Participant: 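The structure that follows is given in the form of structure tokens.
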Protein chains: 2
Amino acid sequence: MRSSSGPVSAELIEQEAVRLFGERTYPVVGMRDIGDAVGLLPGSLYVHISSKEELLLRIVERGIQNYLDAITPVVESGEPAAARLRGAISAHMSVLAATVEQTRVAVHQWTYLSSENQKQVAAMRNRYEELFDRILREGIASGDFRAMPHPRVAVLSTIGMLNSVTEWYSPDGSLTAADIGEALADNALVGLQQP
Amino acid sequence: MRSSSGPVSAELIEQEAVRLFGERTYPVVGMRDIGDAVGLLPGSLYVHISSKEELLLRIVERGIQNYLDAITPVVESGEPAAARLRGAISAHMSVLAATVEQTRVAVHQWTYLSSENQKQVAAMRNRYEELFDRILREGIASGDFRAMPHPRVAVLSTIGMLNSVTEWYSPDGSLTAADIGEALADNALVGLQQP
DNA sequence: CCTACCGATCGGTAGG
DNA sequence: CCTACCGATCGGTAGG
């Protein structure tokens, strides 16, 4: 519910949709909820946006792009693999802290898109996955990382671990994004066991 | 769509609901879809079940209980922490392999329950979390695991990593649940870095 | 940007 | 377990 101040724009609608989808998920948020949030009747939203699904698509794509933008330079930095993994995790946590709700939407709710739109998103998800895949493969090739029977599991579980932070991270919590990133990087690199 | 053979029971309805909720999520699966799956008209489902939400609640609770049953004895086995973590991960993967779809529902879709029902589920989720918390704290206390500034992050990220396997595991894939469990346990215990 | 409304679909029920 | 239907809500549109 907006108290009648300022113009409504596609950006404002997206912003409120991020919040609502993040809290309650796409299928259970109605155009009437979004309308209430920006102070418009449901039908009037279509002056600014073309459909509910288009709204979701934009949110998901931008949500993933934020991560690509932040992590790609780290991967291409030429530093040793361990430093790059640490840097990638740190960059991931920075983006997460800045876009928790959008990340929640991007990570899981692309499944509500039509199959054509899912293809667009899948391409971006693959690019994200390849970033971690590169660090890991190059790290194993250089001997910085240990050889392992199933490096794919390491890639997917590292990403899964990072994305799972979305489910419990809170900007108001006692753990900062940097704290969490450091702890995650330590665990990923040296493990839990006493060396 | 069932081809008119055998009696319909609450169990059959639950079984088909697990599959449908797992594939498409609770809010976008209608009672008409479930009816089609078991060969009943939507209204007739209410002979066997009391409500759609009750159906979800049972699926989620049983889904979590499967994990509690499998992992609790491992945690209480009295073995060293590293062996128990390995055993807990292995047990987790066994349950996952046997109940992929139910796990998908249990992990994320409890959010669609009413707040009273969410409380029931939260209690079970906490019990699950405490299992890993115990292994980790006892491992640190005994010196089997390294001291770390934020053990909570290790607990939550380990669980997050395990639950994320749900999103890419396939019984038809080349990686068995045991393969994945071993790789995860190695990564969690000794990390990626060359020692 | 609102008024007024569309057809479709939702979970669930009464009465048999 | 079906027939027949309930009120509510859905995303979206025509016409102004």
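Below, read A as the first sequence line, B as the second, and so on, with proteins coming before strands; counting in each chain starts at 1. Predicted model, so just to flag it, every value in this text is computed and none were measured.
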Participant: Can you tell me how far P of D/dT13 sits from CG of A/L45, to the nearest Å?
Facilitator: 12 Å
Participant: Whole Å only: how far is the OH atom of B/Y46 from the P atom of C/dG12?
Facilitator: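 Going from OH in B/Y46 over to P in C/dG12 covers 4 Å.
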Participant: Would you kindly give the CD1-to-P distance between A/I13 and C/dC1, to the nearest whole Å?
Facilitator: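 Rounded to whole Å, this separation is 8 Å.
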Participant: Rounded to the nearest angstrom, tell me the gap between atom NZ in A/K52 and atom P in D/dG12.
Facilitator: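 Whole-Å distance recorded here is 8 Å.
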Participant: Against A/L131, only a single residue in A/I159, A/L136, A/L68 fulfils side chain to side chain contact (heavy atoms under 4.5 Å, CB included); can you say which?
Facilitator: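 Only one of A/I159, A/L136, A/L68 forms a side chain to side chain contact (heavy atoms under 4.5 Å, CB included) with A/L131, namely A/L68.
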Participant: Could you check whether the rings of A/H92 and A/F132 sit parallel, tilted or perpendicular, using 30° and 60° as the cut-offs?
Facilitator: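 Geometry flag for A/F132 against A/H92: perpendicular rings.
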Participant: Quick one: look up who D/dA4 pairs with, Watson-Crick or G-U, both distances under 3.5 Å, and put none if it's unpaired.
Facilitator: C/dT13
Participant: Between the side chain of B/R104 and the main-chain N/O of B/T166, is any donor-acceptor distance below 3.5 Å?
Facilitator: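 The answer is yes, because a donor-acceptor pair under 3.5 Å joins these two groups.
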Participant: Assign A/G43 to base, sugar-phosphate, or nothing according to its heavy-atom contacts below 4.0 angstrom with the strands shown.
Facilitator: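 Base contact - A/G43 has a heavy atom under 4.0 Å of at least one base atom.
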Participant: State the NZ-OH distance between B/K52 and B/Y112, to the nearest 0.5 angstrom.
Facilitator: 10.0 Å
Participant: Rounding to a whole Å, what distance do you find between B/L56:CG and C/dG11:C1'?
Facilitator: 14 Å
Participant: When all nucleic acid strands are considered with a 4.0 Å heavy-atom cut-off, which category describes B/V28: base, sugar-phosphate, or nothing?
Facilitator: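 The answer is nothing, as B/V28 stays clear of every strand by at least 4.0 Å.
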Participant: When the nearest nucleotide of DNA chain D is assigned to B/R32 and to A/D33 on a heavy-atom basis, which residue is associated with the more 5' position?
Facilitator: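 Of the two residues, B/R32 wins.
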Participant: For the pair made of CD1 in B/I34 and P in C/dC10, what is the distance, rounded to whole Å?
Facilitator: 11 Å
